[in-house]
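Reminder, nothing fancy here: chain letters follow the sequence lines and each chain counts from 1.
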Amino acid sequence: MSLKPAFSALFLIGFLLMSAGMALPHMRALPLTAEVLNGKEQAAFEKQFNRELPGYEPIRNFWGRTEFALLHEGRSGVVLGNDGWLFSSEEFSCPRGTVQNISANIGFVHDVVTQLEQKQVRVILALVPAKARVMGLTLPSCRAGLYQQLLDAFKTHNVANLLTALQASAAFMKTDTHWSPTGAALAARQVAVLIGTLSENQSFVTQTGETKPYSGDLLRYLPGVAMPETLAMPITENRSATSLLDDSTPDITLVGTSYSANPRWNFEGALKTALQADILNMADEGLGPFAVMDKYLHSQSWQDTPPRVLIWEMPERYFVAPHGVFP
Amino acid sequence: MVFASPIFLFIFLPLFLALYYLTPRQGKSLLILIGSSAFYAWWRVDFLALLYAIIGWSWLMALAIERWRSHRQAIWLLRFGVGANLLTLGYFKYWNFGAGTLAPLLQQAGITITPEMLQVLLPIGISFFVFHAISYIVDVWRSDTPATRNLFDFAAFITLFPHLIAGPVLRYKDLAGQFTRRTHSLELFSEGAYRFMSGFAKKVLIADAVAPLADAAFALPNPSMADAWLGALAYSIQLFFDFAGYSEMAVGLALMMGFRFIENFNMPYISRSIAEFWRRWHISLSTWLRDYLYIPLGGNRKGKVRTYINLLLTMLLGGLWHGANWTFVLWGAWHGGLLALERALAENKTTQALRVPRIAQHLYCLLAVLIGWVMFRAHSLADASVLYQGMLGLNGFGISTDLLWQIKKNSLLALAGGIAVIFLQPLLSSMRTQVELSKGSFAIKTTAPLTLQIIVATFFILAVTRLIAMSYSPFLYFQF
């Protein structure tokens with residue numbers, strides 16, 4: 001008997017039986033609520049269902065490894081360099097409205113710095129260059145001159161040019177968006193030069209911690225791909241001769257993004273060591289430099305004890321995005 | 001719910017087909033109605049009320065037309081029947097667009113349009129199921145089909161999930177007989193399975209893979225000539241394989257239930273004129289527009305000038321049907337204008353006199369269609385203008401660094417694959433026979449060779465795994 005008239009039927013029936021057998025145990029009844037009437041419950045269920053599909057992770061990883069091996073590509077969000085270097089596509093994109101966004105964000109920074117200086121706060125702008133720029137990649141037209149544009153825009157303020165400092169080797173993690181502890185330390189020293197000597201009478205020492213394997217955040221865009229690197233997380237100790245009852249708020253506040261907030265890079269500790277002064281770290285992850293500054297200026301800490309010096313860490317790539325304000 | 005989703009493939013389809021074949025013949029229409037309602041309700045349960053209202057209204061109006069056809073004022077039943085459907089479509093689809101467009105004028109008249117007033121939700125599939133309903137009412141009026149007294153059959157026709165959300169645009173008269181008499185066989189099911197798997201693979205492996213390239217090009221603020229043409233080409237491939245793939249899945253799903261739908265695409269990119277293009281692209285819509293808009297406007301029966309106007313008007317409204325944006329109107333005007341021009345040249349025997357080589361005719365048609373797709377894809381007239389400026393080389397010629405970093409080999413492979421499939425299509429079609437279902441509409445009716453079936457099945461599995469893999473959407477925690 002010829003298979004031709006029935007092949008596709010048998011194949012699809014077999015496939016549907018197998019897939020239904022695997023997927024049906026993950027079904028659940030949806031309650032008759034307003035969220036079902038307007039479809040939200042169904043959408044949430046479908047999202048969860050997709051993740052719980054048998055074979056989801058192996059299939060996802062198979063495609064990730066195959067695309068990487070055959071095409072040297074990852075998912076949208078990562079740009080692959082040479083020798084295992086990964087870069088965030090956020091450092092390359094030139095969306096519509098870039099020029100206006102840059103102008104608006106520069107304006108916001110000017111307004112905030114002016115506001116802070118009127119309250120006798122000395123503001124240091126720690127402008128973090130794009131990792132792709134530091135590593136010498138060719139950037140698109142809207143990004144190519146951005147760092148210099150920002151330096152020029154802020155030349156009347158105290159701005160730390162971190163580009164040269166970070167061009168030293170190992171300043172960035174290979175598979176992560178962020179700088180390495182070495183890069184953070186280099187940036188901290190550059191900021192400290194700008195601030196100068198402080199008579200804080202404090203003592204901070206940073207030592208290199210244990211070296212451990214590390215998988216950077218950019219590997220999320222290469223599911224299933226292993227690109228091992230290592231990270232030695234520094235540890236900063238306060239060796240100041242201060243009383244345990246001394247709870248005075250530091251005179252220096254750090255506001256910034258995950259470059260400052262994440263203890264892995266120890267930017268806070270590196271600043272303490274470079275300045276030999278304590279620092280209040282008000283940086284936060286996931287908000288960007290403008291919204292986090294907005295959040296800080298609405299905080300009790302700012303209201304009660306404004307600092308003498310404020311270090312505002314801001315990666316250059318955020319300037320092309322629409323201004324995000326802390327709600 | 002969409003066909004290319006795990007929930008449809010792993011839960012809905014196997015459950016539905018199992019229940020369908022376990023249900024006796026008399027209950028199949030009811031099962032189709034229940035299953036298709038569940039399919040629609042997966043988007044929103046509350047909008048089932050709108051769908052049922054359209055069904056109920058159209059069914060009743062058709063019965064009323066048949067009952068009172070001989071009455072002097074019966075034409076008003078047609079007008080009410082069609083008018084209510086059009087008003088419904090108009091409100092849900094065009095209120096935001098119309099109010100937003102007229103807002104400056106209304107402001108001068110003292111009427112303020114606030115953003116809250118522009119939040120009318122567009123029900124999925126409304127353009128299709130309203131057109132299905134309108135064609136039914138008109139066909140009953142024209143006595144092309146008797147009004148059905150079987151509400152379940154009619155409701156099953158409107159809600160039939162293979163065509164509910166994205167067509168083909170079907171006529172009740174073409175399917176009415178199939179609701180009462182259709183055969184089910186392993187061979188027919190196999191044909192449907194083959195078409196479904198083929199369409200699925202085209203959509204996931206070609207359309208979805210090319211999409212990022214088109215998106216990147218269309219998002220450029222200053223595209224170069226190469227950027228713009230590459231983007232237009234990518235979108236042409238993406239749109240065709242997305243829509244044709246989806247239509248093929250619909251045809252396949254219908255066949256698995258014993259229904260034979262008309263084919264919606266017939267190698268449109270081999271056309272040599274815009275007139276021919278519209279006999280090959282979205283065939284169900286173009287024939288619908290011909291029968292329910294162009295011909296009632298007078299078609300070509302009222303002189304040359306009126307014919308050109310009718311062509312332009314039909315395509316303008318056809319453009320507007322695609323979406324509530326001036327870009328769709330201009331896209332329709334572009335095609336309408338070209339149709340009128342081609343007709344005028346043919347009538348003056350200019351095209352015959354010029355003896356344009358076939359290759360030039362193909363290139364003309366491809367160029368015209370590609371240029372039109374830019375307007376179709378753009379989010380606004382301003383965005384379209386940016387692309388057109390790029391196509392003219394006003395921003396330079398070579399691929400820009402702005403686009404270069406975004407070009408993925410994956411997308412280029414899919415683009416090349418799509419072009420290859422288009423070139424192979426005439427060969428593949430020669431292996432199948434076509435059967436005419438009604439004037440201007442046809443179905444494909446031969447089982448594909450076994451080798452081709454195995455190839456399609458393989459690509460289907462690849463596409464399913466790709467779909468699962470792409471449901472993973474990573475993001476960096478600090479993105480905002």
Problem set entry | Atom pair CD (Gln406(B)) and OG (Ser76(A)), whose distance is rounded to the nearest 0.5 Å | 8.0 Å
Exercise. Taking the side chain from Ser8(A) and the backbone from Ala193(B), do they hold a donor-acceptor pair closer than 3.5 Å?
Worked result: no
Seminar exercise, completed: To the nearest 0.5 Å, atom OH of Tyr56(A) lies from atom OG of Ser471(B) at 4.5 Å
Exercise. So, do Phe7(A) and Tyr194(B) have ring centers that fall under 6.0 Å from each other?
Worked result: no
Seminar exercise, completed: dist Phe45(A):CZ -> Ile7(B):CD1 (nearest 0.5 Å) comes out at 4.5 Å
Exercise. So what's closer than 4.5 Å to chain A heavy atoms on Ile461(B): side chain, backbone, both or neither?
Worked result: side chain
Exercise. Would a distance-only check, ignoring hydrogens and angles, find a side-chain to backbone donor-acceptor pair under 3.5 Å from Asn410(B) to Glu73(A)?
Worked result: no
Seminar exercise, completed: Scored by heavy-atom pairs under 4.5 Å with chain A, the best of Val456(B), Ile454(B), Leu17(B), Leu15(B) is Ile454(B)
Problem set entry | Side-chain donor/acceptor of Lys408(B) to backbone N/O of Gly74(A), under 3.5 Å | yes
For this session: Answer with side chain, backbone, both or neither: which region of Leu462(B) has an atom nearer than 4.5 Å to a non-hydrogen atom of chain A?
Result: both
Problem set entry | Residue, of Met1(B), Met256(B), Arg44(B), that accumulates the most heavy atom pairs under 4.5 Å with chain A | Arg44(B)
Exercise. Of all of Pro212(B), Pro14(B), Ser5(B), Ala18(B), which one pairs up most often with chain A through heavy atoms under 4.5 Å apart?
Worked result: Pro14(B)
Problem set entry | Stepwise side-chain contact (heavy atoms from CB on, under 4.5 Å) check, Leu139(A) with Thr401(B) | CA-CA 7 Å; Leu139(A) 295 175; Thr401(B) 51; over 6 Å; no
Exercise. Within a reach of under 6.0 Å around NE2 of His379(B), are more than 12 heavy atoms found that belong to other residues, nucleotides or ligands?
Worked result: no
Exercise. Checking Thr465(B) side chain against Ile59(A) main chain: does a donor-acceptor pair fall under 3.5 Å?
Worked result: no
Exercise. Taking atom NZ of Lys40(A) as the centre, does the number of heavy atoms from other residues, nucleotides or ligands within less than 6.0 Å exceed 12?
Worked result: no
Seminar exercise, completed: Interatomic distance, CD1@Ile13(A) vs CG@Leu186(B), rounded to 0.5 Å, equals 6.5 Å
Problem set entry | Aromatic plane relationship, Phe15(A) with Phe10(B) - under 30° parallel, 30 to 60° tilted, over 60° perpendicular | tilted
Problem set entry | Approximate separation, where rounding is to 0.5 Å, of Met197(B) CE and Phe11(A) CZ | 6.0 Å
Exercise. Between Leu467(B), Asp383(B), Leu404(B), which residue shows the highest count of heavy-atom pairs closer than 4.5 Å to chain A?
Worked result: Asp383(B)
Exercise. Rounded to the nearest 0.5 Å, how far apart are CZ of Arg143(A) and CH2 of Trp405(B)?
Worked result: 8.0 Å
